[in-house]
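Atom set for the values below is all heavy atoms of this structure, side chains included, hydrogens, waters and symmetry mates excluded.
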Amino acid sequence: MRIQNRRIIASILFVLISFVCTAQDPPPPGPPPPGFPIDGGVTLGVIFALIFGVRKILSLNSDK
């Protein structure tokens, strides 16, 4: 076999292998990243902050 024939066969094999590689399905996506739970803690913190702020304002106004 001549060198040119080997190059042609190698080129054809590389093209066929690339088609096989692109024909495969992509892997399934992983699970979503865990979210930052701001449901309970932040809501309770805001409620306590509002209560504390209102009490502080009322106590400052009653002293005057």
Side-chain angles (χ1 to χ4, degrees):
M1 223 181 203
R2 292 188 339 198
I3 293 177
Q4 188 167 2
N5 287 344
R6 287 184 183 176
R7 286 185 181 172
I8 290 172
I9 291 174
S11 298
I12 290 172
L13 286 175
F14 284 134
V15 169
L16 290 176
I17 289 173
S18 68
F19 281 131
V20 169
C21 290
T22 58
Q24 295 176 358
D25 290 334
F36 186 72
I38 59 171
D39 302 352
V42 172
T43 306
L44 288 175
V46 169
I47 290 172
F48 286 132
L50 286 173
I51 292 171
F52 178 74
V54 169
R55 286 184 62 197
K56 187 78 167 178
I57 290 173
L58 290 176
S59 69
L60 289 177
N61 285 339
S62 66
D63 290 340
K64 289 183 181 180

Original post:
Which hydrophobic side chains are connected to F52, either touching it within the sub-4.5 Å cutoff or through other members that do?
Top reply: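 Joined to F52, directly or through intermediates: none.
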Residues two or more places apart in sequence or in another chain: which of them pass side-chain contact (heavy atoms from CB on, under 4.5 Å) with [X]?
| X | answer |
| --- | --- |
| I51 | I47, R55 |
| V54 | L58 |
| I57 | N61 |

